[in-house]
**Q** 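First the structure, then my questions, so here it is.
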Amino acid sequence: MISGKYIFGQINEVFQKLLNRLNMVPYWDLILSIIVFIHISYHHAWLSDDAFISFRVVDNFANGFGLRWNVVERVQVYTNPLLVLLLLLPYILWKNIVAVSFILSFLFGVLSLIFLKKLSSSRFSFLIAVTYLFSSRAFIDYTYSGLENSLNHLIQAVFFFILWKEPAEPNKSKLPVLTFWVSIGLVSRLDLILVLFIPYLVLFFLEFSKGLIDRKTILRSALFGSPIVIWFLFAGIYYGSFLPNTYYAKTNITETFLETALQGWHYYERQLFWDPISFLFFPIAMIVGVCFKRLNRLALLTLASLLPFFLYLVSVGGDFMVGRFFTPAIFILGLSLAKEFPFKKKEAILLLSLLFIYNIAFRLTPFHPMPKKLSYYKEARSFENGMPYDIADEKGFYYLDTGLAFRNYPTSWLANLAGKNNVFDIKESVVIQGMIGRSGYVYGPDYFIVDKFALADPLLARLSGSGRIGHKKRKIPEGYVDGLKKGENGILDPGLKQYYEGILKLTHGPIFTIERWNLFWKYQFGEYRKYTKEYK
């Protein structure tokens, strides 16, 4: 009978021979990871409908209308300012948003791998971290999608590379440069602060205890933190709001905190069954370390630093896209595996074998191409069977339409989206829609789109909504749409009509007037922050 010890010995021997050959090639592990990433990218690159909300803003700017969704009003409909700004120049030069988005996401991914390699404590640690990340559906799904996740991963990689790197000058503070990257992270997405804040705070206190924090360091840090200050100033002046319109749309809701928190708990449940490796592999790696008589205390600190982020996800109800908001945490766990786990050969063989078995057992991991069977996509689009707790496999929902590998399928939208071809027969200049992204992008600037989920509508966002998390439906006020068609305030309800008049002055009127700035404070911080009365 063949024993487990014999099998492990044979695997160890094969593994050692393979390593000896590979070590003759410089950076073979990084080169291999990029080659695998190219393969995975081809089969898993896709674009979400929500990404085209930002893309329509980029298109309007390229056509001279400014950073706007509907060209007649100034409203920040996107939560990813940095990505929008980075898209502007490539899109102006090459008006193919599909290609531009795919290429940028790929570049962000490759750069993240390079920084992951640079901070890795060993070749084994790098390989295990990369294999873990490539095994996670959530991580790979939102490395693409057209959203800001891949850019955020790169920001995280740079931040932690600087944080963990041994300083060239031991008496020089890292605080200013890390303040810059925290600031850049905030411009990319405000809630990214939740995964950067505790490591940043720990660094501050460590350097303070060493006497590295003085007045000059504080002043330099304040200067290096200017990107987010500049963005807030721009948003406040131009849009009349420091925060994006989506913030109001997603927080003005009828559900109680407990109902929202329960939905947040379901978001964790859905993630555990949909992408189990994202939750389970990190503790498994820690347990393996204990079995080899080594408790990794730094890994425990990594988990502790993510606690505010995990609590935040519960408090806001998670999201309707399974996996999307877990990717910053998944990537930090990958960074921690690379840096804080000095794996020995036997540990590496065991963990890589477990990852190999996982990818064989689960046919929907990113190492496999997307399914060819239409039944998979039909189920993903089924609100009854494919979306437990109304949380969707977003890539499964849209892949037939926007998947790179399916670009030649009859169902694909990619050619029309790349060419910005409007294939819709639209009779009205004002259109009420729910899934506003792709259709809004191809409609072009001549159409005013009313978003019934309020993500892009400054009035509806201030009204209470209810329904699916992240997509809270609003009751359209009587006379609102007719007024938009005529270019006037046509709301019939007197109280709401007056309230909307102030929003019109903020979003349509001249920017530098005393009346507008008085309204700015009331709608931003005062009694007009949201409309709580009943309306017709």
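Counting from 1, the numbers follow the sequence of the chain as shown. Predicted model, so just to flag it, every value in this text is computed and none were measured.
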**Q** Just by distance, do the side chain of T251 and the backbone of Y247 share a donor-acceptor pair under 3.5 Å?
**A**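 Here the side-chain-to-backbone pair exists.
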**Q** Checking side-chain contact (heavy atoms from CB on, under 4.5 Å) for the pair I436/R56: CA distance, chi angles, key distance, verdict?
**A** CA-CA 10 Å; I436 61 174; R56 176 174 157 107; over 6 Å; no
**Q** Flag the pair Q76 / Y78 as yes when at least one side-chain heavy-atom distance between them is below 4.5 Å, and no otherwise.
**A**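 With C-beta onward as the side chain, the pair touches.
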**Q** For S48, enumerate each residue passing the side chain to side chain donor-acceptor pair (under 3.5 Å) test, keeping only those at least two apart in sequence or located in another chain.
**A**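 Once residues adjacent in sequence are excluded, S48 has no partner under the side chain to side chain donor-acceptor pair (under 3.5 Å) criterion.
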**Q** Regarding N422 and Y443, is there a side-chain donor-to-acceptor distance under 3.5 Å anywhere?
**A**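 Not at all, the side chains of N422 and Y443 share no donor-acceptor pair under 3.5 Å.
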**Q** Please check if the number of heavy atoms outside K118 that lie under 6.0 Å from its NZ is greater than 12.
**A**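 No, the 6.0 Å shell around NZ holds no more than 12 heavy atoms from other groups.
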**Q** Once side-chain hydrogen bond (donor to acceptor under 3.5 Å, both in side chains) is applied, what residue pairs with a partner in residues 309-321 remain, sequence neighbours excluded?
**A**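 Residue pairs with at least one partner in residues 309-321: D191-Y312.
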**Q** Applying side chain to side chain donor-acceptor pair (under 3.5 Å), can you list everything that pairs with D457, at least two apart in sequence or on another chain?
**A**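 In terms of side chain to side chain donor-acceptor pair (under 3.5 Å), with neighbours along the sequence ignored, D457 is linked to Y480.
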**Q** In the structure I gave you, are the side-chain heavy atoms of L203 and K174 within less than 4.5 Å of one another anywhere?
**A**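 Contact flag for L203/K174 side chains = yes.
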**Q** Would you check if the side chain of R474 reaches a backbone N or O of A454 as a donor-acceptor pair within less than 3.5 Å?
**A**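 Not at all, since once roles are kept as given, no pair shorter than 3.5 Å links the two residues.
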**Q** Counting only heavy atoms not in Y409 (residues, nucleotides, ligands), do more than 12 fall under 6.0 Å from its OH?
**A**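 Count over threshold, so yes.
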**Q** Go through Y248 and S241 one step at a time and tell me if the side chain to side chain donor-acceptor pair (under 3.5 Å) criterion holds.
**A** CA-CA 10 Å; Y248 301 101; S241 174; 3.3 Å; yes
**Q** How would you list, by chain and number, every residue that makes a side chain to side chain contact (heavy atoms under 4.5 Å, CB included) with F197, sequence neighbours excluded?
**A**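 Once residues adjacent in sequence are excluded, the partners of F197 under the side chain to side chain contact (heavy atoms under 4.5 Å, CB included) criterion are I193, L201.
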**Q** Which donor-acceptor pairs under 3.5 Å do the side chains of residues 34-43 make with protein atoms, sequence neighbours left out?
**A**
residue	atom	partner	partner atom	Å
S41	OG	F37	O	2.6
S41	OG	Y144	OH	2.7
Y42	OH	R407	NH1	3.2

**Q** Between F134 and P366, is there a side-chain heavy-atom distance shorter than 4.5 Å?
**A**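 A side-chain contact is absent here, since even the closest heavy-atom pair is not under 4.5 Å.
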**Q** Taking 4.0 angstrom as the limit, do R137 and D393 come out as a salt bridge?
**A**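 A salt bridge links R137 with D393.
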**Q** Which residue, I432, I53, N70, forms the side-chain contact (heavy atoms from CB on, under 4.5 Å) with I449?
**A**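 With I449 as partner, side-chain contact (heavy atoms from CB on, under 4.5 Å) holds for just one option, N70.
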**Q** Flag the pair W28 / R123 as yes when at least one side-chain heavy-atom distance between them is below 4.5 Å, and no otherwise.
**A**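 Contact flag for W28/R123 side chains = yes.
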**Q** If the condition is salt bridge (Lys or Arg N to Asp or Glu O under 4.0 Å), which residues does D141 pass it with, not counting sequence neighbours?
**A**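 Salt bridge (Lys or Arg N to Asp or Glu O under 4.0 Å) check on D141 returns K395.
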**Q** To the closest 0.5 Å, what do you measure between CZ (F367) and CZ (F362)?
**A**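 So the CZ of F367 and the CZ of F362 are separated by 15.0 Å.
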**Q** Using the rule given for ring pair (Phe, Tyr, Trp, His ring centres under 6.0 Å), can you reason through Y268 versus F326, listing the C-alpha separation, both sets of side-chain angles and the distance that settles it, and then say yes or no?
**A** CA-CA 9 Å; Y268 279 81; F326 284 114; 5.0 Å; yes
**Q** Roughly how far apart are S101 OG and F55 CZ, rounded to 0.5 Å?
**A**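 So the gap between those two atoms works out to 3.5 Å.
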**Q** Quick one: list whatever passes ring pair (Phe, Tyr, Trp, His ring centres under 6.0 Å) with F160, sequence neighbours left out.
**A**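 Ring pair (Phe, Tyr, Trp, His ring centres under 6.0 Å) check on F160 returns W164.
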**Q** Check whether the side chains of S54 and N80 place a donor and an acceptor atom closer than 3.5 Å, and report yes or no.
**A**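 Yes, a side-chain donor-acceptor pair sits under 3.5 Å.
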**Q** For S466, does its backbone N or O pair with a side-chain atom of H471 as donor and acceptor, under 3.5 Å?
**A**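 No; zero donor-acceptor contacts below 3.5 Å.
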**Q** Go through the structure and list residues passing salt bridge (Lys or Arg N to Asp or Glu O under 4.0 Å) with K250, not counting sequence neighbours.
**A**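 If we apply the salt bridge (Lys or Arg N to Asp or Glu O under 4.0 Å) test to K250, skipping adjacent residues, there are no hits.
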**Q** Roughly how far, to the nearest 0.5 Å, is the CG atom of L354 from the CD1 atom of I277?
**A**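 It is 8.5 Å, given to the nearest 0.5 Å.
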**Q** Got I128 and F281 here, is their nearest side-chain heavy-atom distance under 4.5 Å?
**A**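 In contact.
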**Q** Between F282 and Y132, is the ring centre distance below 6.0 Å?
**A**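 Ring centroids of F282 and Y132 are no less than 6.0 Å from each other.
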**Q** Can you name the salt bridge (Lys or Arg N to Asp or Glu O under 4.0 Å) partners of K472, sequence neighbours left out?
**A**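 For K472, the residues satisfying salt bridge (Lys or Arg N to Asp or Glu O under 4.0 Å) (neighbours in sequence not counted) are E255.
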**Q** Hey, does F52 have a side-chain heavy atom less than 4.5 Å from the side chain of I97?
**A**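 Result yes, sub-4.5 Å side-chain heavy-atom pair found.
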**Q** Will you find, in the side chains of Q271 and S278, an N or O donor that is under 3.5 Å from an N or O acceptor?
**A**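 Checked: Q271/S278 side chains pair up, N/O donor to acceptor below 3.5 Å.
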**Q** Would K339 and S120 count as a side-chain contact (heavy atoms from CB on, under 4.5 Å) here? Give the steps.
**A** CA-CA 5 Å; K339 174 62 179 177; S120 295; over 6 Å; no
**Q** Regarding Y441 and D49, is there a side-chain donor-to-acceptor distance under 3.5 Å anywhere?
**A**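 Not at all, the side chains of Y441 and D49 share no donor-acceptor pair under 3.5 Å.
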**Q** Atom CZ of residue position F424 - does it have more than 12 heavy atoms of other residues, nucleotides or ligands inside 6.0 Å?
**A**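 Above 12, so yes.
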**Q** Please tell me if the side chains of P388 and F273 come closer than 4.5 Å, counting only heavy atoms from C-beta onward.
**A**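 They are not in side-chain contact.
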**Q** Using the test salt bridge (Lys or Arg N to Asp or Glu O under 4.0 Å), find all partners of E148 that sit at least two apart in sequence or belong to another chain.
**A**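 Counting only residues at least two positions away or on another chain, E148 forms a salt bridge (Lys or Arg N to Asp or Glu O under 4.0 Å) with R189, R324.
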**Q** Provide the closest heavy-atom pair for Q156 versus V195 in the form atom of the first, atom of the second, distance.
**A**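 In terms of heavy atoms, the two residues are closest at NE2-CG2, 4.1 Å.
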**Q** Is the number of heavy atoms from other residues, nucleotides or ligands under 6.0 Å of K473 NZ greater than 12?
**A**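 Counting other residues, nucleotides and ligands, NZ of K473 stays at 12 neighbours or fewer.
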**Q** With the threshold set at 4.0 Å, does a side-chain nitrogen-carboxylate oxygen contact exist between R270 and D390?
**A**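 Salt bridge: no.
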**Q** What do you reckon, are the aromatic ring centroids of F310 and F325 less than 6.0 Å apart?
**A**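 Not under 6.0 Å, so no.
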**Q** Mind checking side chain to side chain donor-acceptor pair (under 3.5 Å) for Y399 and listing every partner two or more places apart, or none if nothing turns up?
**A**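 Result, side chain to side chain donor-acceptor pair (under 3.5 Å) vs Y399: none returned.
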**Q** S122 and F343: which non-hydrogen atoms are nearest, and at how many Å?
**A**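 S122 and F343 have their closest heavy atoms at OG-O, 4.2 Å.
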**Q** Should T327 and H153 be marked as a side-chain contact (heavy atoms from CB on, under 4.5 Å) after you check the CA-CA gap, both sets of side-chain angles, and the distance that decides it?
**A** CA-CA 8 Å; T327 69; H153 299 157; 3.3 Å; yes
**Q** State which residues pass side chain to side chain donor-acceptor pair (under 3.5 Å) with K117; sequence neighbours excluded, sorted by chain then number.
**A**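 D29.
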**Q** Any chance the side chains of S464 and N252 put a donor and an acceptor closer than 3.5 Å?
**A**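 Note: S464 and N252 side chains miss the donor-acceptor criterion.
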**Q** Check each of L355, L351, L350 against I284 using the side-chain contact (heavy atoms from CB on, under 4.5 Å) test, and report the only one that passes.
**A**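 Of the listed options, the one satisfying the test is L351.
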**Q** Restricting to non-hydrogen atoms, name the atom on A157 and the atom on F115 that form the minimum distance, rounded to 0.1 Å.
**A**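 Looking at all heavy atoms of both residues, the shortest contact is CB-CB, 3.8 Å.
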**Q** Where do A456 and V75 come nearest, in terms of heavy atoms and distance?
**A**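 Closest pair (atom of A456, atom of V75, distance): O-CG1, 4.3 Å.
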**Q** Looking at side-chain heavy atoms only, is the closest gap between V442 and N416 below 4.5 Å?
**A**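 Not in contact.
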**Q** Are a donor atom and an acceptor atom from the side chains of E340 and S121 found within less than 3.5 Å of each other?
**A**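 Side chains of E340 and S121: no pair found under 3.5 Å.
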**Q** Using a distance-only test with no angle check, is there a side-chain donor-acceptor pair under 3.5 angstrom linking E269 and H266?
**A**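 Yes.
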**Q** Could you grab the distance from atom CG of L47 to atom CG of D401, nearest 0.5 Å is fine?
**A**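 The CG atom of D401 is 11.0 Å from CG of L47, to the nearest 0.5 Å.
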